[in-house]
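I have placed the structure first, in the form of structure tokens, so that the comments after it can refer back to it.
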Amino acid sequence: MGVWQLLLVGLVMLLGLLGVLIPGVPGRWLVWAAILWWSMHEKTGLAWALLVGSTAVLLVDQVAVWQLPPRRMRGVGVTRRMVVCAGAGALLGFVLIPVVGSIPGFIGGIYASERQRLGGHGPAVASTRAVMRAVGTSVLVELFACLLVMGAWVGALIWG
């Protein structure tokens, strides 16, 4: 697979990560489709193992999201800035502390956005809790699974 195709696969995965944060865009399926595309071109044992593993992770993620309460965006105060800060925090946390850093990064991004909007620590913590109860947990689970698959793909590129 050439460099341009690898960049396209990476861009589709990034679009999938954004799709997790944007309602109505099938984020996890874009990430899976990118892995499928890469695996079909690579045709190595590592590529097939990554496809099977990512399929399993994303299916378990789908079941986990079904078990969580439904997303209730209205009335909680979720803004575009908050979504961007949470996504950036999750991505930064994932890079700084591989895999598990996305969880505190996501929550920290929500807190930073609310701290700036509300001005104080107490109201920001209360708002962060409310957001995490309403939408944050399901978004975090889905984003974590997609970041895990994307991280495995980057690891496979480096290793293989």
Side-chain angles (χ1 to χ4, degrees), residues 3-38 50 54 57-158:
V3 174
W4 291 109
Q5 284 183 326
L6 286 175
L7 284 174
L8 284 174
V9 169
L11 285 174
V12 169
M13 284 191 193
L14 284 175
L15 182 64
L17 289 178
L18 289 175
V20 169
L21 300 172
I22 301 169
V25 178
R28 86 170 56 95
W29 300 115
L30 285 172
V31 171
W32 183 81
I35 290 290
L36 177 67
W37 180 18
W38 176 75
L50 185 60
S54 63
V57 165
L58 294 174
L59 286 174
V60 167
D61 168 61
Q62 180 72 42
V63 171
V65 168
W66 282 340
Q67 299 302 317
L68 293 170
R71 296 179 187 176
R72 297 178 311 270
M73 303 276 287
R74 288 192 163 67
V76 183
V78 175
T79 62
R80 288 183 183 159
R81 170 192 258 161
M82 182 188 302
V83 170
V84 169
C85 287
L91 189 60
L92 185 65
F94 188 82
V95 170
L96 292 177
I97 306 169
V99 183
V100 297
S102 62
I103 296 169
F106 181 83
I107 297 168
I110 292 172
Y111 172 78
S113 172
E114 290 301 281
R115 176 77 187 245
Q116 184 179 20
R117 184 174 71 90
L118 299 173
H121 173 71
V125 168
S127 180
T128 302
R129 284 184 184 149
V131 168
M132 285 302 292
R133 281 188 203 114
V135 293
T137 308
S138 62
V139 171
L140 180 61
V141 167
E142 190 174 340
L143 185 64
F144 182 72
C146 289
L147 281 170
L148 191 63
V149 168
M150 190 171 180
W153 176 71
V154 169
L157 286 180
I158 293 170

**Prompt:** Are more than 12 heavy atoms from other residues, nucleotides or ligands located less than 6.0 Å from atom CZ of Arg115?
**Reply:** yes
Which distance, rounded to the nearest 0.5 Å, do you find between the [atom1] of [X] and the [atom2] of [Y]?
X: Leu92; Y: Ile97; atom1: CG; atom2: CD1; result: 9.5 Å
X: Leu6; Y: Leu11; atom1: CG; atom2: CG; result: 11.0 Å
X: Trp29; Y: Leu36; atom1: CH2; atom2: CG; result: 11.5 Å
X: Trp38; Y: Leu8; atom1: CH2; atom2: CG; result: 15.5 Å

Considering all heavy atoms of both residues, which atom of [X] and which atom of [Y] are nearest to each other, and what is their separation?
X: Ile35; Y: Met13; value: CD1-CE, 3.2 Å
X: Arg28; Y: Leu58; value: O-CD1, 3.7 Å
X: Leu21; Y: Gly87; value: CD1-CA, 3.6 Å
X: Ser138; Y: Val65; value: O-CG2, 4.0 Å

Exactly one of Asp61, Leu30, Val31 clears side-chain contact (heavy atoms from CB on, under 4.5 Å) with Cys146, and that residue is Val31
With Leu14 as partner, the option from Leu18, Leu17, Val12 fulfilling side-chain contact (heavy atoms from CB on, under 4.5 Å) is Leu17
May I have the list of side-chain donor-acceptor pairs in residues 119-127 shorter than 3.5 Å, sequence neighbours left out?
| from | atom 1 | to | atom 2 | distance (Å) |
| --- | --- | --- | --- | --- |
| His121 | ND1 | Tyr111 | OH | 2.7 |
| Ser127 | OG | Glu114 | OE1 | 2.3 |

Taken in chain and number order and not counting sequence neighbours, the residues that satisfy salt bridge (charged side-chain N to carboxylate O under 4.0 Å, His left out) with Arg81 are none
Q.
Set out, in order, the CA-CA distance, both residues' side-chain angles and the distance that settles side-chain contact (heavy atoms from CB on, under 4.5 Å) for Phe144 and Leu147, then state yes or no.
A. CA-CA 5 Å; Phe144 182 72; Leu147 281 170; 5.6 Å; no
Please assess Met132 against Leu140 for the test side-chain contact (heavy atoms from CB on, under 4.5 Å), listing each intermediate value before the final yes or no. CA-CA 9 Å; Met132 285 302 292; Leu140 180 61; 4.1 Å; yes
- Task: Any chance you could lay out the side-chain contact (heavy atoms from CB on, under 4.5 Å) test for Val57 and Trp32, step after step, and finish with the verdict?
- Result: CA-CA 10 Å; Val57 165; Trp32 183 81; over 6 Å; no
For Phe106, the ring-ring contact (aromatic ring centres under 6.0 Å, His included) test, sequence neighbours excluded, returns none
